[in-house]
Amino acid sequence: MARQSGSIAASVSERGAHRAERRGSALLDVADLSVTFAHRGAPTVHAVDGVSFTVDEGEVVGLVGESGCGKSVTSLAIMGLLPRRGVQVSGRAVFDGRDLLTLSDDEMRDIRGRDIAMIFQDPLSSLNPIVPIGVQVAEVLIRHRKLDRAEARRESAELLDRVGIPDPQRRLREYPHQLSGGMRQRALIAMAVACRPRLLIADEPTTALDVTIQAQILELLKSLVRESGTALIMITHDLGVVAGMCDTINVLYAGRVVETASRRPLFAEPRHPYTVGLLGSIPRLDGAREDKLRPIPGSVRDVLPWPDGCAFAPRCDRRVDACVGEPPAMTAAPGGRAYRCVNPVLAVTTPPAALAKEQP
């Protein structure tokens, strides 16, 4: 109970510091979201530990961090897709005035696909392998838009054509294994935007795709968001992916947001050493051949429990005595940015990747 009370008090302070200006108009307001996994005979895992962020109408927000930092679990908690056994979810996720975490299964089924849709990172395992693509796209239209089967099939073909799948009439009859990885991802996107949702969550949408297809998928998402005004949460481990898309970026580490800022300030002047490490590990397009990447030392398992200090301290080259003993609070900075660090990077020591400079 003491841990939870301290977490709630800290989150209230943090939200007041760096989210007060945007709270009133937020489409989605996530406050002190925590997800704990507990299994008999195994230690309790705090996968998400007091995450707070907002998403405005039409805004593109990034959740960035290494695998295991809590990005996907955050999205699954918001969507109500986590298993109930052995999982404890607390906090708030208020969407359009309704707390998603308090809704029943039936109420969430009405919202999923219609108002909030999600693109999962593995299209092959996300699609039913024994059901044709056309049936899987059409069932969303039948369930939420109440179309009959003929109308749903015509709309499905238009959706596949809209996301760039050639010969959509033929593809409607095909099964997921008959499509390439890029086409399967496009089919998932077609299903997600079928009901024109107000919020779209893209969980690593370019994983396992080659560079050319990645660029096409990202451009498709940008155009869909621009045309429909849909808000987008982009979940990725690659800052290069969000460089040209996101308005606001939240960097997560060990289940907590360690830095949040608009795109340009984050790339130009990162404050948290972890953010600097992520940027330093991106290959530069204008760098010399002899330039080497600077990987973050250690692994994501080398963490310090947040109640004992900064979780990133074991891997941080800016570690000082104050990093251990108490968890660092979020520090507000001009421009609506904030960071969770007692020894931040106050000057640019590593220029951002060239791809960040090229963005408008």
Side-chain angles (χ1 to χ4, degrees), residues 27-28 55 57-58 72 74-84 89 93-165 168-179 183-205 217 220-221 223-225 227-233 235:
L27 174 65
L28 175 68
V55 183
E57 294 272 5
S72 295
T74 296
S75 66
L76 293 175
I78 293 171
M79 294 289 289
L81 295 176
L82 289 172
R84 297 192 180 276
V89 181
V94 179
F95 175 78
D96 198 23
R98 304 174 70 189
D99 188 352
L100 301 176
L101 304 185
T102 64
L103 300 183
S104 66
D105 291 340
D106 289 339
E107 290 173 320
M108 280 303 301
R109 275 192 286 268
D110 288 337
I111 291 176
R112 282 195 298 262
R114 184 191 65 192
D115 299 315
I116 307 177
M118 186 167 178
I119 304 168
F120 296 92
Q121 60 179 300
D122 186 359
L124 186 58
S125 62
S126 301
L127 294 167
N128 192 323
I130 60 173
V131 177
I133 293 295
V135 174
Q136 298 189 57
V137 178
E139 66 180 355
V140 180
L141 300 167
I142 295 171
R143 170 67 171 82
H144 293 293
R145 291 175 56 183
K146 311 302 181 185
L147 302 183
D148 60 37
R149 293 191 178 277
E151 291 174 327
R153 186 173 181 83
R154 286 194 296 270
E155 182 74 13
S156 298
E158 293 178 5
L159 285 166
L160 294 188
D161 181 65
R162 183 184 177 194
V163 298
I165 294 181
Q169 291 291 348
R170 178 167 67 90
R171 300 300 182 185
L172 289 175
R173 301 188 297 270
E174 295 184 338
Y175 293 85
H177 72 273
Q178 295 177 281
L179 274 63
M183 285 190 180
R184 286 193 292 263
Q185 192 64 278
R186 290 171 186 270
L188 274 184
I189 294 174
M191 294 170 61
V193 302
C195 296
R196 306 179 186 93
R198 299 177 65 189
L199 175 64
L200 183 62
I201 302 176
D203 186 3
E204 299 276 12
I217 294 298
L220 172 61
L221 287 173
S223 63
L224 291 173
V225 168
E227 293 168 5
S228 63
T230 298
L232 172 66
I233 298 177
I235 297 173

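Worth saying up front: this structure is predicted, and the values here are computed from it rather than measured.
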Next on the checklist: Measuring only between side-chain heavy atoms, which start at C-beta, is L27 closer than 4.5 Å to F95?
Outcome noted: yes
Item to check | Pairwise side-chain contact, P205 with L221, heavy-atom cut-off 4.5 Å (strictly under) | outcome: yes
Item to check | Pairwise side-chain contact, L81 with F120, heavy-atom cut-off 4.5 Å (strictly under) | outcome: yes
Item to check | Check against side-chain contact (heavy atoms from CB on, under 4.5 Å), R98 and I111 | outcome: CA-CA 11 Å; R98 304 174 70 189; I111 291 176; 3.9 Å; yes
Checklist entry - Is the closest side-chain heavy-atom distance between R196 and T230 below 4.5 Å? => result no
Checklist entry - After noting the C-alpha distance and the side-chain angles of I235 and T74, does the key distance pass the side-chain contact (heavy atoms from CB on, under 4.5 Å) rule? => result CA-CA 10 Å; I235 297 173; T74 296; over 6 Å; no
Checklist entry - Any sub-3.5 Å donor-acceptor pair from H144's side-chain atoms to R112's backbone N or O? => result yes
Checklist entry - So, the side chain of Q178 versus the backbone of Y175: is there a donor-acceptor pair under 3.5 Å, distance only? => result yes
Checklist entry - Do the non-hydrogen side-chain atoms of L100 and I116 ever get within less than 4.5 Å of each other? => result yes
Item to check | Distance-only side-chain donor-acceptor flag, D99 / T102, under 3.5 Å | outcome: no
Next on the checklist: Looking at every heavy atom in both C195 and G113, which two are closest together, and how far apart are they?
Outcome noted: CB-O, 3.3 Å
Checklist outcome for this item: Closest heavy-atom pair, P197 versus V193, reported as atoms and distance to 0.1 Å, is CD-CA, 3.8 Å
Next on the checklist: Nearest 0.5 Å, please: how far is OG in S156 from CZ in R149?
Outcome noted: 11.0 Å
Checklist outcome for this item: Distance col, row L172:CG vs I133:CD1, nearest 0.5 angstrom, shows 9.0 Å
Next on the checklist: A side-chain contact here means heavy atoms from C-beta on lying under 4.5 Å apart; do R184 and P176 qualify?
Outcome noted: yes
Checklist outcome for this item: When rounded to the nearest 0.5 Å, the distance separating CD1 of I201 from OG of S75 is 6.0 Å
Next on the checklist: I'd like to know if the side chain of E174 reaches the main chain of L179, judged simply by a donor and an acceptor atom lying under 3.5 Å from each other, with no hydrogens or angles considered.
Outcome noted: no
Checklist entry - If you measure from the Lys or Arg side-chain nitrogens to the Asp or Glu carboxylate oxygens, is any gap between D110 and R143 under 4.0 Å? => result yes
Checklist entry - If you take all heavy atoms of D122 and S125, which pair is closest and at what distance? => result OD2-OG, 3.0 Å
Checklist outcome for this item: To the nearest 0.5 Å, atom CG of L159 lies from atom CZ of R154 at 13.0 Å
Checklist entry - Are more than 12 heavy atoms from other residues, nucleotides or ligands located less than 6.0 Å from atom CZ of R114? => result yes
Item to check | side-chain contact (heavy atoms from CB on, under 4.5 Å) evaluation trace for L28 with I233 | outcome: CA-CA 10 Å; L28 175 68; I233 298 177; 3.8 Å; yes
Checklist entry - Is the shortest side-chain N to carboxylate O distance from E151 to R145 below 4.0 Å? => result no
Item to check | Gap separating the CG atom of D96 from the CZ atom of R198, nearest 0.5 angstrom | outcome: 4.0 Å
Next on the checklist: Can you tell me if R109 has over 12 outside heavy atoms packed within less than 6.0 Å of its CZ?
Outcome noted: yes
Checklist entry - Can you check whether M118 reaches L76 side chain to side chain, under 4.5 Å on heavy atoms? => result yes
Item to check | Side-chain ion pair, D105 and R84, N-O less than 4.0 Å | outcome: yes
Next on the checklist: Walk me through whether I189 and I217 qualify under side-chain contact (heavy atoms from CB on, under 4.5 Å).
Outcome noted: CA-CA 9 Å; I189 294 174; I217 294 298; 4.0 Å; yes
Checklist entry - Roughly how far, to the nearest 0.5 Å, is CD1 of I119 from CZ of R186? => result 12.0 Å
Next on the checklist: If I compare all heavy atoms of L188 with all of S126, which pair ends up nearest, and what's the gap?
Outcome noted: CD1-CB, 4.0 Å
Checklist entry - Do L127 and M191 have side-chain heavy atoms sitting under 4.5 Å apart? => result yes
